[in-house]
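First comes the structure, then the notes that go with it.
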There are 2 protein chains.
Amino acid sequence: MNKRSGETYHHGNLHGTLIAAAIELIRDKGPNAFSLRELAKKAGVSHTAPYRHFKDKNALLVAIAETGFKTLTERTRNAAMQFDGDPKRQLIETGVAYVELALDNPEITQLMFGGFIDMEKCPKENLDSTADNAFQGLVNLIESGKQSGIFRNEETELLALATWSMVHGLAMLITGGQLCGIADEQDQVRNLSAKVESLLMEGILVR
Amino acid sequence: MNKRSGETYHHGNLHGTLIAAAIELIRDKGPNAFSLRELAKKAGVSHTAPYRHFKDKNALLVAIAETGFKTLTERTRNAAMQFDGDPKRQLIETGVAYVELALDNPEITQLMFGGFIDMEKCPKENLDSTADNAFQGLVNLIESGKQSGIFRNEETELLALATWSMVHGLAMLITGGQLCGIADEQDQVRNLSAKVESLLMEGILVR
DNA sequence: ACATCTATGTATACGCTGTCAACATTGCTG
DNA sequence: CAGCAATGTTGACAGCGTATACATAGATGT
């Protein structure tokens, strides 16, 4: 009953199938053109079947955004782990991972941050907490860097916000197409994001 | 025939009225929920009337985004002008103006950068050129700061991209609601963006 | 001044969308 | 094995973007 979807009345794992198919669809057409009915067709069920698993279109989008935040947390944490004991390098690689993930999933990134999700009517705790996890890693990283005497002794939240903003801005500019020609390719992006963050480390002013 | 819209067959200035009303609508409901038909109703015309002035819904959105980029260019340039001869202060104030404008117009900002506009099918030169104007001001500013020996002698485009990313990221995080509680109020934002940018100037690392 | 052309607005229709309500099927539980 | 809860289907509805055909009016050339 789990494998073949076309033969049984009950699908078996519609929930998961819907999310996977939705991600694919959003990748293809962008979050704006994504429709529930097309999703249902792609999953091989009737156009109201998704409502047994998600209250809303919005709820479905929230679920997808959550998976996005989860992989974001994983990737950045993974990147940081590889340079344990070197906070500066950790910060840079975390940022690079952030931007690279955004470049690999521009449409999902837009879904996560672009205003497609109606925050008013969504459970919100869920989404917020998963997003916070990603931020918390950054905070920890900076805290340890401060204690090692490498990072400036400013308010931790401020330092975290600055690095997050920098990386997030670069990611959004890339996924939004504002940097056409400047940063399209994968390796360009890696290089660029590393440079930009080094700049944040060292500062723009002449010393 | 210009004033009273309900009495004449021809509206007189539908084009302008539509854009103004659309901005209002988007402010109210967000770019996602905005609809052409509701706009037409609000403007007091039939639901196909807008097609005499805009090829598409997309074309209308592009026009609105353009006005957004224009005021962005104005505001940032204006902010920079007030501190002519002090590139560091200019850079900071430009950024503050950027973030403040985004905070004042979160929905329009999302429209401009969030992926609501279909870049494939839009004239694109228009939108790109207006967006470039805003960026060009930043480039000039940095160039002059480099020549005064205040800014680090890195590639200008890199410095510009870094500052743009920082400011843009902060703006997007705020408008996206990711910073609830941290930066909601107007003065908080002014303060925060100035601090964050100072950090970019001075660098995160201990010297 | 008047005929005509063009710009602008309307009416109607189509297929697509999200969502609700009523019904059908299935697997689980007592 | 009876019945209940979970899951899927059908049909309907209003709202959406947009194409087509038509109506009106302002501008233009004679």
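Since the structure is predicted, the reported quantities are computational estimates derived from the model, not experimental observations. Per chain, numbering begins at 1; letters A, B, ... match sequence-line order.
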- Task: Take atom CG of A/L18 and atom C1' of D/dG8, then tell me their distance rounded to the nearest Å.
- Result: 12 Å
Please enumerate all residues that pass side chain to side chain contact (heavy atoms under 4.5 Å, CB included) together with [X], with sequence neighbours excluded.
X	answer
B/E154	A/L199, B/R152, B/L158, B/L159
A/S46	A/T48, A/A49
B/A194	B/I92, B/V96

- Message: Tell me every residue that passes ring-ring contact (aromatic ring centres under 6.0 Å, His included) with B/Y51, counting only those two or more places apart in sequence or in another chain.
- Response: none
When the side chains of residues 23-34 of chain B are checked against the rest of the protein, which donor-acceptor pairs come out under 3.5 Å, sequence neighbours left out?
residue: B/E24; atom: OE2; partner: B/K42; partner atom: NZ; Å: 3.1
residue: B/K29; atom: NZ; partner: B/E38; partner atom: OE2; Å: 3.0
residue: B/N32; atom: ND2; partner: A/F116; partner atom: O; Å: 3.3

- Upstream residue (5' side of DNA chain C) when B/L14 and A/K41 are each assigned their closest nucleotide: B/L14
Anything under 3.5 Å between a protein N or O and an N or O of nucleotides 18-20 of chain D, put it in a table, one pair a line.
residue: D/dT18; atom: OP1; partner: B/D56; partner atom: OD1; Å: 3.2
residue: D/dT18; atom: OP2; partner: B/Y51; partner atom: OH; Å: 3.0
residue: D/dT18; atom: OP2; partner: B/K57; partner atom: N; Å: 3.0
residue: D/dT18; atom: O5'; partner: B/Y51; partner atom: OH; Å: 3.3
residue: D/dT18; atom: O4; partner: B/R37; partner atom: NH1; Å: 3.2
residue: D/dT18; atom: O4; partner: B/H47; partner atom: NE2; Å: 3.1

With a 3.5 Å cut-off and sequence neighbours excluded, list the donor-acceptor pairs that the side chains of residues 72-80 of chain A form with protein atoms.
residue: A/T73; atom: OG1; partner: A/F69; partner atom: O; Å: 2.8
residue: A/T76; atom: OG1; partner: A/L72; partner atom: O; Å: 2.8
residue: A/T76; atom: OG1; partner: A/T73; partner atom: O; Å: 3.1

- Do any side-chain nitrogens or oxygens of B/S35 fall under 4.0 Å of OP1 or OP2 in D/dC16? yes
- Contacts satisfying side-chain hydrogen bond (donor to acceptor under 3.5 Å, both in side chains) that involve residues 189-200 of chain A (not counting sequence neighbours) are A/E93-A/R190
- Query: Do A/H15 and A/F54 have side chains that get closer than 4.5 Å, going by heavy atoms?
  - Reply: yes
- Task: Compute the bend angle of the helix from C/dA1-D/dT30 to C/dG30-D/dC1 from the end axes (five pairs per end), rounded to 10°.
- Result: 10°
